[in-house]
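Protein chains get the first letters and strands the later ones, always in sequence-line order, with residue 1 at the start of each.
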Amino acid sequence: MPKSNDQQPTVMQEHERQLYAWLAQIPRGSVVTYGQLARLIGHPKGARWVGRQLGRLPADSTLPWHRVLNARGASSLPLDARGSNRQLRRLQREGVLVVDGRVALARYRWVP
DNA sequence: AGGGTGGCTATTG
DNA sequence: CCAATAGCCACCC
């Protein structure tokens with residue numbers, strides 16, 4: 001009888017799975033925060049980890065990584081060469097109002 | 001194996 | 001409103 005448990009997903013692998021599952025659910029024109037996503041996947045202190053995972057998504061990913069903002073409703077991504085923010089541009093393109101580099105979470109936050 | 005590092009956050013002044 | 005602070009914890013050398 002094998003003694004290893006290497007068929008069972010690890011906790012983090014399961015969190016990762018959940019992360020992509022939830023991410024895919026965020027509707028166009030809505031946003032969530034890193035901390036919110038962390039809680040949804042059952043890793044309440046993992047906001048930072050969530051951000052790191054999103055940063056690792058392949059460039060051609062169809063997942064809506066741009067709908068994840070920080071707790072202030074701002075983007076945590078660096079500005080591009082033109083001094084504008086790719087994430088916020090994408091959000092605007094789907095109808096999200098951005099004022100002063102921020103999105104009103106009270107209005108746009110997706111609550112499952 | 002140990003310590004620095006974040007696409008973070010809540011709290012306080 | 002802003003800034004400083006102190007938690008956080010998986011990841012990555």
Side-chain N or O of [X] less than 4.0 angstrom from OP1 or OP2 on [N]?
{"X": "A:Ser75", "N": "B:dG7", "answer": "no"}
{"X": "A:Arg102", "N": "C:dC1", "answer": "yes"}
{"X": "A:Trp49", "N": "C:dC11", "answer": "yes"}

- request: For B:dG7 versus C:dG7, give the span between their P atoms, rounded off to a whole number of Å.
  value: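 These two P atoms come out 22 Å apart once rounded.
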
query: Can you check whether A:His66's main-chain N or O pairs, donor with acceptor, with A:Arg90's side chain at less than 3.5 Å?
result: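 Not a single qualifying donor-acceptor pair exists.
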
query: Do the side chain of A:Asp80 and the main chain of A:Arg82 share a donor and acceptor less than 3.5 angstrom apart?
result: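 Such a contact is found between A:Asp80 side chain and A:Arg82 backbone.
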
task: Mind checking A:Val50 for me? I need base, sugar-phosphate or nothing, with any heavy atom below 4.0 Å counting as a touch.
output: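 The residue A:Val50 makes no contact with any strand.
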
- request: Give, for atom CG of A:Asn85 and atom CG of A:Leu79, the distance between the pair rounded to the nearest 0.5 Å.
  value: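 So the gap between those two atoms works out to 6.0 Å.
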
- prompt: Angle class for the A:His43/A:His15 ring planes (parallel below 30°, perpendicular above 60°, tilted otherwise)?
  reply: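 The arrangement is parallel - the two ring planes meet at less than 30°.
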
- request: Take the protein atom CZ of A:Arg52 and the nucleotide atom P of B:dT9, then report the distance between them rounded to whole Å.
  value: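 After rounding, the reported distance stands at 14 Å.
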
field: Length of the NZ-C1' vector between A:Lys45 and C:dA10, whole Å
entry: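 Between C1' of C:dA10 and NZ of A:Lys45: 15 Å.
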
message: Partner lookup for C:dC8, please. Criteria are Watson-Crick or G-U wobble with both distances under 3.5 angstrom; report none if nothing qualifies.
response: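 When the pairing criteria are applied, nothing turns out to pair with C:dC8, so the answer is none.
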
Nucleotide nearest A:Arg39 when distance is taken to its side chain, options C:dC11, B:dC8, B:dA10: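 Shortest atom-to-atom distance from the side chain points to B:dA10.
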
